Amino acid sequence: MTDPGTTPAQADMSLSVEDGRIAAIARAPEPPASTEKPRRVALPALSNAHDHGRYLRSASVGAFDKPLESWLPFMGLAPGADPYLSAAAAFARSVRHGVANLMVHYTRVQGGMPYVDEARALARAARDVGNRIGFAIAMRDRQGIAYCDDATALAALRPAIRDAVAAQLAVKPVSAQQQLALVDDVARMIDGEGYGEHVTVQYGPTGVQWCSTPLLAAIAQASADHDRPVHLHLLETPYQREWADRTHPEGIVRYLDDLGLLSPRLTLAHCVYARPDELARLAERGVTIAVNTSSNLYLKSGIAPVPEMLRHGCRIALGLDCTGIDEDNDALRELRLAYQLHRGWGFDVTMTRAQLWAFAAQSGRRSVLGARAGALPGGRLEVGATADFMLLDWDALDDDALFPVDPFELLLARGSGAHIDEVVIGGRTVVAGGRVQGVDETALRAELLGQLRARIGAQPSVHAWRATLDALSDDLGPFYRKSAWFGCC
Ligand SMILES: [Zn+2]
């Protein structure tokens with residue numbers, strides 16, 4: 001399948017690779033004569049335009065069934081792990097599911113070493129696994145507990161947990177200059193040490209409610225000066241919509257535009273609650289929206305208005321946001337979920353297959369690779385394109401084998417990571433026989449979990465903190481439902 005959804009699949013083809021590029025696609029000289037030879041179907045590799053490169057699954061840290069606002073602090077519950085182990089395990093799982101380009105908005109620092117060293121560990125992990133990552137350094141300077149100043153949020157909590165919550169979550173602001181300097185330091189290390197092929201350094205303001213205007217303005221300026229991408233969450237939940245309308249009556253998207261942030265360099269994660277006029281403006285400015293369907297369901301956020309986004313001409317891209325419908329980061333299952341939710345009801349078509357494929361494999365490349373995306377054409381299999389593709393076990397996918405069927409239909413109906421046999425990124429085989437080649441994924445996982453269990457065992461305070469987070473979650477419910485943060489911003 002050279003461009004699924006746009007061109008029909010062709011049988012008995014061969015594909016050759018030279019210097020990381022697709023050199024030829026031609027009829028196979030000798031079509032397989034017997035059914036004994038395993039049949040495989042080739043398709044372009046995918047891009048995951050919004051993720052955090054976090055290996056741990058939410059339910060494993062007690063964060064199931066929680067809305068985003070009370071789920072967030074649980075992401076810091078487990079003690080930090082070795083950053084290489086944690087990243088390599090996440091990257092291995094990602095490539096095994098066919099993702100060549102992975103966005104890593106690095107909101108959870110593992111710690112225990114200088115930041116630049118931790119960034120280097122991630123770069124080494126990407127090089128060893130063989131994927132490409134966008135590394136967005138998380139930036140924020142306000143509102144650590146809820147969508148209001150920390151003192152107001154603390155006053156709304158039961159007194160017994162206030163000190164612990166303040167100590168762990170209240171923001172300790174770092175100046176915009178220092179935060180920007182850190183991005184420059186990481187970028188210098190990545191370029192200087194030759195990791196540029198695998199890592200695109202980006203600015204990662206976490207969300208408008210967590211970043212002051214001076215910080216966002218400084219990021220907009222620096223992004224323009226350095227032609228460096230920006231990755232930002234926007235309008236993920238109903239509470240964020242309410243906060244935005246209250247705080248920015250002129251319109252939050254207009255506010256970002258006035259700051260100079262809206263450009264093709266920007267990727268916005270979510271936009272679940274964006275309105276038509278806001279979508280029109282995002283489309284006009286060439287912004288990419290990363291849609292995270294299963295994450296929005298998991299965190300009770302809602303369903304993104306994908307048909308409206310498409311109608312307004314928005315550039316949209318698939319994001320897994322460390323989730324997937326089975327908490328397994330399975331990009332093909334995510335594709336199915338997004339398609340079934342957004343393709344339209346009855347005879348209506350609100351998302352075509354071509355749009356779905358652009359969403360899964362084409363649009364997200366720019367989010368991850370930034371300006372490099374132009375030099376690395378991909379998302380379709382054609383001569384001269386970067387050799388990023390996957391081979392699926394056609395016999396397993398078409399195991400009934402009754403009628404000739406369109407492989408793309410079977411892929412959309414039932415394909416999953418379990419069908420992926422081989423993944424090639426930039427001409428390098430990074431997955432073969434369903435196994436990651438550059439690292440020992442099983443051993444990595446065992447070592448990572450062993451390390452985490454030992455650290456949790458050595459730190460009994462973790463359990464008290466978990467109980468505090470459950471209490472915090474209970475207290476935040478009425479706080480948000482009653483819109484108690486209004487008037488405090
Ligand atoms: Zn996210």
Side-chain angles (χ1 to χ4, degrees), residues 1-32 37-49 95 97-102 126 129-134 196-198 200 264 288 315 317-318 331-332 335 352-394 397 404 406-412 415 419-432 437-438:
M1 286 188 272
T2 54
D3 192 2
T6 299
T7 54
Q10 295 167 277
D12 303 327
M13 303 297 286
S14 76
L15 183 155
S16 54
V17 172
E18 265 175 42
D19 297 331
R21 302 273 170 157
I22 296 175
I25 300 172
R27 285 233 150 253
E30 284 174 43
K37 192 161 178 180
R39 297 177 306 161
R40 300 201 292 180
V41 56
L43 71 162
L46 306 176
S47 290
N48 176 354
V95 296
H97 287 99
V99 173
N101 304 297
L102 171 70
V129 170
N131 62 348
R132 305 185 198 94
I133 63 168
E197 191 188 325
H198 292 282
T200 302
T288 302
R315 183 185 173 95
L318 169 98
L332 292 178
L335 199 56
T352 65
R353 292 182 190 178
Q355 287 172 325
L356 179 76
W357 192 255
F359 169 75
Q362 293 160 1
S363 304
R365 297 177 65 84
R366 193 175 72 194
S367 300
V368 177
L369 303 171
R372 287 204 305 143
L376 293 169
R380 50 178 72 82
L381 302 182
E382 57 195 6
V383 173
T386 311
D388 293 353
F389 58 88
M390 51 182 155
L391 299 172
L392 274 69
D393 180 342
W394 176 244
L397 202 54
D406 177 352
F408 195 35
E409 292 197 344
L410 287 198
L411 184 80
L412 292 179
H419 296 110
I420 297 176
D421 187 39
E422 195 170 324
V423 179
V424 173
I425 302 178
R428 171 178 163 194
T429 301
V430 298
V431 174
Q437 299 296 291

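Note that this is a predicted model, so its numbers are computed, not measured.
Within the 4.5 Å cutoff, the side chain of E422 has no heavy atoms near those of the M390 side chain. The shortest distance between side-chain heavy atoms of H198 and V129 does not fall below 4.5 Å. A heavy-atom distance below 4.5 Å is not found between the side chains of V99 and S47. Proximity of V41 to L411: side-chain heavy atoms (C-beta onward) are nowhere separated by under 4.5 Å. Here the side chains of L392 and R40 are not in contact, with every heavy-atom distance at 4.5 Å or above. Side-chain contact between H419 and L410 is absent, with no heavy atoms from C-beta onward closer than 4.5 Å. When side chains are defined from C-beta on, T7 does not count as touching E382, because their heavy atoms never get closer than 4.5 Å. Between T6 and W357 the shortest side-chain heavy-atom distance does not fall below 4.5 Å.
Residues P407 and M1 approach most closely at CB-CE, 3.9 Å, considering heavy atoms. Residue T288 comes nearest to S367 through the heavy atom pair CG2-OG, 3.5 Å, listed as atom of the first residue, atom of the second, then distance. In this structure, G364 and A49 approach most closely via the heavy-atom pair CA-CB, 3.9 Å. Residue T386 comes nearest to G426 through the heavy atom pair CG2-CA, 4.1 Å, listed as atom of the first residue, atom of the second, then distance. Across every non-hydrogen atom of V368 and I133, the tightest pair is CG1-C, 3.7 Å. Nearest heavy atoms, A100 versus A45: CB-CB, 3.8 Å.
Rounded to the nearest 0.5 Å, atoms CG (L46) and CZ (F359) are 10.5 Å apart. To the nearest 0.5 Å, atom OG1 of residue T429 and atom CG of residue L391 are 8.5 Å apart. Atoms CG and CG, on N101 and N48 in that order, are 9.5 Å from each other to the nearest 0.5 Å. To the nearest 0.5 Å, atoms NE2 (H97) and CD1 (I420) are separated by 7.0 Å. With rounding to the nearest 0.5 angstrom, the CG atom of D388 is 9.5 Å from the CZ atom of R21. Here the CD1 atom belonging to I22 is positioned 5.0 Å from the CG atom belonging to L15, to the nearest 0.5 angstrom.
Judged by distance alone, with hydrogens and angles left aside, the side-chain atoms of R132 form no donor-acceptor pair with the main-chain N or O of I425 at under 3.5 Å.
Every residue was checked against the salt bridge (Lys or Arg N to Asp or Glu O under 4.0 Å) condition with R372, not counting sequence neighbours, and none meets it.
Looking at L43, T2, L381 one by one, the single match for side chain to side chain contact (heavy atoms under 4.5 Å, CB included) with F389 turns out to be L381.
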Item to check | Trace of the side chain to side chain contact (heavy atoms under 4.5 Å, CB included) decision for Q437 with R428 | outcome: CA-CA 10 Å; Q437 299 296 291; R428 171 178 163 194; over 6 Å; no
